[in-house]
Chemist: 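To start, I am sharing the structure in question, which I have written as structure tokens.
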Amino acid sequence: MEDLLERMLAVDQQGEALVKAAEEKAIQIREESSTELAKLHEAASAALAKECQELESQAVDAAQKQKADALAQAAKQLAPRSEAFTQELEVHRHKLLQELMAL
């Protein structure tokens with residue numbers, strides 16, 4: 001009977017040792033997974049930051065091109081109006097000069 005109790009105690013100790021080993025292995029796996037996830041997160045964050053920077057650069061370039069196009073279009077539209085205004089002033093220039101000289 002004592003032999004049976006000793007064997008049961010030995011089996012119980014082995015079971016506890018196996019449970020402890022399994023818990024240690026689980027902790028090790030969790031730590032390795034956490035480290036791997038942190039690396040993956042870092043890589044994904046870097047890729048996302050790069051992509052955001054590229055998109056921002058493209059948006060800025062497109063806005064600058066649109067601005068340049070709008071300024072060029074405005075200059076085209078302004079040139080004839082400027083010429084017409086100059087011609088209109090030229091009609092009245094002689095009269096304005098005479099009035100200024102009369103002062």
Side-chain angles (χ1 to χ4, degrees):
M1 185 70 152
E2 192 174 310
D3 186 43
L4 181 62
L5 288 174
E6 287 178 11
R7 286 192 304 183
M8 287 176 60
L9 183 59
V11 168
D12 186 47
Q13 289 173 345
Q14 288 175 351
E16 286 181 19
L18 288 173
V19 168
K20 186 177 179 180
E23 288 174 347
E24 290 173 357
K25 183 68 174 173
I27 290 171
Q28 178 187 0
I29 290 171
R30 185 184 70 210
E31 289 173 354
E32 289 172 356
S33 296
S34 294
T35 302
E36 186 177 338
L37 284 174
K39 289 178 184 177
L40 290 173
H41 176 68
E42 185 179 334
S45 292
L48 180 62
K50 182 179 178 183
E51 187 175 339
C52 287
Q53 187 177 14
E54 289 173 2
L55 289 174
E56 181 182 359
S57 176
Q58 290 173 359
V60 168
D61 290 345
Q64 288 176 341
K65 184 182 182 316
Q66 185 178 10
K67 176 184 167 185
D69 291 346
L71 286 173
Q73 183 65 26
K76 277 184 184 178
Q77 292 175 353
L78 189 58
R81 292 177 65 192
S82 176
E83 182 65 30
F85 181 73
T86 301
Q87 289 175 358
E88 183 71 28
L89 283 178
E90 192 61 38
V91 171
H92 301 289
R93 181 174 178 238
H94 183 64
K95 182 180 173 184
L96 289 172
L97 286 176
Q98 285 180 346
E99 288 181 12
L100 286 173
M101 288 172 48
L103 295 174

Chemist: List the atom pairs, donor and acceptor, that lie under 3.5 Å between side-chain atoms in residues 57-67 and the rest of the protein, sequence neighbours left out.
Modeler:
unit_1: Lys65; atom_1: NZ; unit_2: Asp69; atom_2: OD2; d: 3.0

Chemist: So, do Leu4 and Arg7 sit near enough that their side-chain heavy atoms are less than 4.5 Å apart?
Modeler: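 In short, these two side chains touch, coming nearer than 4.5 Å.
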Chemist: Distance from Glu99 atom CD to His94 atom NE2, nearest 0.5 Å?
Modeler: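 Taking CD in Glu99 and NE2 in His94, the distance rounds to 11.0 Å.
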Chemist: So does Glu51 have more than 12 non-hydrogen atoms from other groups sitting under 6.0 Å from CD?
Modeler: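 No, the 6.0 Å shell around CD holds no more than 12 heavy atoms from other groups.
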Chemist: With heavy-atom distances below 4.5 Å as the criterion, would you say the side chains of Ile27 and Arg30 are in contact?
Modeler: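 They are in contact (side-chain heavy atoms under 4.5 Å apart), so the answer is yes.
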Chemist: Taking NZ, NE, NH1 and NH2 as the nitrogens, is one of them in Glu90 or Arg93 under 4.0 Å from a carboxylate oxygen of the other?
Modeler: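 Result for this pair is yes, salt bridge flagged.
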Chemist: To the nearest 0.5 Å, tell me how far Lys20 NZ sits from Gln13 CD.
Modeler: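 Nearest 0.5 Å value for the NZ-CD distance: 12.5 Å.
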Chemist: Under 3.5 Å, which donor-acceptor pairs do the side chains of residues 77-88 form with other protein atoms, sequence neighbours left out?
Modeler:
unit_1: Glu83; atom_1: OE2; unit_2: Gln87; atom_2: NE2; d: 3.3
unit_1: Thr86; atom_1: OG1; unit_2: Ser82; atom_2: O; d: 2.9
unit_1: Glu88; atom_1: OE2; unit_2: His92; atom_2: NE2; d: 3.3

Chemist: Taking the side chain as C-beta and beyond, is there a heavy-atom pair between Glu32 and Glu36 under 4.5 Å?
Modeler: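 No; the side chains remain at least 4.5 Å from each other.
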Chemist: More than 12 non-hydrogen atoms from neighbouring residues, nucleotides or ligands closer than 6.0 Å to CD on Gln53, yes or no?
Modeler: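 12 or below, so no.
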Chemist: To the nearest 0.5 Å, tell me how far Leu37 CG sits from Glu42 CD.
Modeler: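 One gets 13.0 Å once the value is rounded to the nearest 0.5 Å.
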Chemist: How long is the span from the OG atom in Ser34 to the CD1 atom in Ile29, to the nearest 0.5 Å?
Modeler: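 These two atoms lie 11.5 Å from each other.
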